[in-house]
Amino acid sequence: RLAIQKFEELGLPSMKREEWKYTYLAKVFKKGFYPGIQTQFEYNAEKIKEKIPAISSDKNRVVIIDGIFSKEFSQIIPSKEYNITSLISAWENNDTSAIDLFTSITKHQERALTALNTALCLDGVLIEVADDCTAHIELVLIHTDQFQMSMPRLLIQLGKNAYLSISEQLINLENSSSFSNVVSEIKTDEGSMIEWVKIQDPGANVYHFDSGYVQQAEKSNYHCTTIS
C-alpha cells in the first residue's frame, strides 16, 4: 500500500526530464497493460526450449517467465560458495537476507517505476556469494503474456572479495506487446566485483525498463554493459 501511495505521489516521469526525453511513458501506460496477479502461468514450454539453448550440467541458469522464477527451466548447481533462490521461496522460508535487502537501498531514492515494482512484485531471485567465492549465472528474462506487466526484483549480495558474473538475455516469446519493469538491489562488500552483460533485443513491441541500485563498499567494483 505504501509503495502504491508513493507511486501515485511521484507520478509518471515526463519527457521534460532528461532521462525520459525520448520516452512518452504516459502513452505507454494507455496501451492497456495490466499487473500480474498470480504466480503460475500457462506457457508454450516447447517454444521456450527452442528459444533458450541447452546448457552444460555445471552451469547456473536463472529463468524468469513473466516476472516469475521458473523452476522448470532454471538450473541451479548446489554449492556452499553461493545461494541462488527464488524470492517466493526466500520469503516463504523467512530468509533474513531477502527480507533485509528488499527495499533497503531503494527506499531512500524511490522513483516512480521502482515504487511500482515494489508494490506489484510477485517474485524474482535472491543471489548471495560468500566471502572469497565466485559465481557465474546466466539470467534469462522471458515474456509470454501479451499486455501483462512483468515486475521481477533481483536481490544480490556479495561478500568480501567475492566475484559474480551475470550474462542476461531478454526474450519476447510471442513477439507481442509486453511491459517489463525490472528492479535490482545490489550490495557489495569490500574487494568484491560484479560483471554484468545485458543483451536486450526483444523487438519493437516490448517496453523494458531496468533500474539498478548499487551500494558499494570500499574497493568493490560494479561493471554493467548493455547491448541492444
Side-chain angles (χ1 to χ4, degrees), residues 2-3 6 10 13 17-20 58-62 64 69 74 76-87 89-91 93-118 121 123-141 151-170 180-200 208-228:
L2 291 177
K6 189 68 174 179
L10 292 168
R17 292 177 57 175
E18 178 66 23
E19 64 267 37
W20 291 98
D58 61 341
K59 301 292 184 181
N60 290 301
R61 171 183 277 169
V62 172
I64 296 178
F69 183 99
S74 296
I76 310 301
I77 309 304
S79 174
K80 294 181 179 179
E81 296 191 355
Y82 54 78
N83 172 47
I84 305 171
T85 186
S86 72
L87 280 192
S89 296
W91 287 329
N93 294 323
N94 292 316
D95 189 310
T96 55
S97 296
I99 295 170
D100 292 343
L101 190 52
F102 189 77
T103 74
S104 65
I105 305 174
T106 61
K107 65 182 178 182
H108 299 300
Q109 45 188 338
E110 200 81 291
R111 297 181 178 182
L113 290 184
T114 303
L116 188 64
N117 177 287
T118 299
C121 171
D123 199 5
V125 64
L126 170 67
I127 301 170
E128 299 172 285
V129 185
D131 294 351
D132 302 305
C133 293
T134 297
H136 303 276
I137 299 172
E138 177 185 331
L139 174 63
V140 184
L141 305 176
M151 302 276 179
R153 193 72 155 233
L154 313 180
L155 304 181
I156 300 173
Q157 186 155 340
L158 270 63
K160 289 184 178 180
N161 302 311
Y163 174 78
L164 172 65
S165 69
I166 302 176
S167 60
E168 177 185 321
Q169 182 180 8
L170 181 63
S180 175
N181 179 26
V182 182
V183 173
S184 304
E185 292 186 271
I186 302 161
K187 280 189 176 181
T188 63
D189 209 334
E190 182 180 352
S192 62
M193 175 182 286
I194 296 179
E195 293 185 306
W196 197 329
V197 176
K198 303 182 181 186
I199 301 174
Q200 300 176 352
H208 182 72
F209 303 93
D210 192 340
S211 304
Y213 297 82
V214 185
Q215 182 175 305
Q216 289 188 249
E218 185 178 0
K219 297 180 181 179
S220 66
N221 290 279
Y222 173 77
H223 301 284
C224 183
T225 302
T226 301
I227 303 171
S228 59

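Only this structure's heavy atoms are used, side chains among them; waters, hydrogens and symmetry mates stay out. Along the sequence shown, residues are numbered consecutively beginning with 1.
Contact of the L170 side chain with the V140 side chain is not registered, since no non-hydrogen atoms from C-beta on lie closer than 4.5 Å. Using a 4.5 Å cut-off on side-chain heavy atoms (C-beta onward), L158 and D189 make no contact. Contact annotation: the side chain of V125 never approaches that of T85 to less than 4.5 Å [non-hydrogen atoms, C-beta and beyond]. Side-chain contact between I194 and H223 is absent, with no heavy atoms from C-beta onward closer than 4.5 Å. Two residues are said to be in side-chain contact when any heavy atoms from C-beta on lie closer than 4.5 Å; V182 and H208 meet this criterion. Annotation: side chain of W196 is in contact with side chain of I186 (closest heavy-atom distance under 4.5 Å). Contact check for L155 versus F102: side-chain heavy atoms found under the 4.5 Å cut-off. At least one side-chain heavy atom of I227 sits under 4.5 Å from a side-chain heavy atom of V197.
Residue P152 comes nearest to C121 through the heavy atom pair C-SG, 4.5 Å, listed as atom of the first residue, atom of the second, then distance. In terms of heavy-atom proximity, V129 sits nearest to T134 at CG1-N, 4.1 Å. Minimum interatomic distance between N60 and I84 (heavy atoms only, all atoms of both residues): CG-CD1, 4.0 Å.
Atom OG of S192 and atom CD1 of I156 lie 11.5 Å apart (nearest 0.5 Å). Separating the OG atom in S97 from the CG atom in N83 is a distance of 7.5 Å, to the nearest 0.5 Å. Atom CE of M193 is separated from atom CD of Q216 by 10.0 Å, given to the nearest 0.5 angstrom. The CZ atom of F69 lies 11.5 Å from the CG atom of L154; values are rounded to the nearest 0.5 Å.
Taking Y163 as the reference, H136 meet the ring-ring contact (aromatic ring centres under 6.0 Å, His included) condition, with sequence neighbours excluded. Partners of D210 under the salt bridge (Lys or Arg N to Asp or Glu O under 4.0 Å) rule, at least two apart in sequence or in another chain, are K198. The salt bridge (Lys or Arg N to Asp or Glu O under 4.0 Å) search around E128 returns none, not counting sequence neighbours. Residues passing the salt bridge (Lys or Arg N to Asp or Glu O under 4.0 Å) test with E138 are R61, sequence neighbours excluded. Every residue two or more places apart in sequence or in another chain was checked for a ring-ring contact (aromatic ring centres under 6.0 Å, His included) with Y222, and none qualifies. Legend: residues meeting side chain to side chain contact (heavy atoms under 4.5 Å, CB included) with Q169, ordered by chain and number and at least two apart, are I171.
A side-chain donor-acceptor contact under 3.5 Å links R153 and T106. For the residue pair Y213/T114, the side-chain donor-acceptor check at 3.5 Å is satisfied.
With hydrogens and angles disregarded, a donor-acceptor distance shorter than 3.5 Å links the side chain of N117 to the backbone of N181. With hydrogens and angles disregarded, no donor-acceptor distance shorter than 3.5 Å links the side chain of E195 to the backbone of L164. Remark: side-chain polar atoms of D131 are paired, donor with acceptor, to backbone N or O of K160 under 3.5 angstrom.
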Would I127 and I137 count as a side-chain contact (heavy atoms from CB on, under 4.5 Å) here? Give the steps. CA-CA 10 Å; I127 301 170; I137 299 172; 3.6 Å; yes
Check the pair K187, S104 against side-chain contact (heavy atoms from CB on, under 4.5 Å), reporting the backbone distance first and the verdict last. CA-CA 10 Å; K187 280 189 176 181; S104 65; 3.6 Å; yes
D95 vs L87, side-chain contact (heavy atoms from CB on, under 4.5 Å): CA-CA, chis, key distance, verdict: CA-CA 9 Å; D95 189 310; L87 280 192; over 6 Å; no
Determine, stepwise, if the pair T118 / V183 fulfils side-chain contact (heavy atoms from CB on, under 4.5 Å). CA-CA 9 Å; T118 299; V183 173; over 6 Å; no
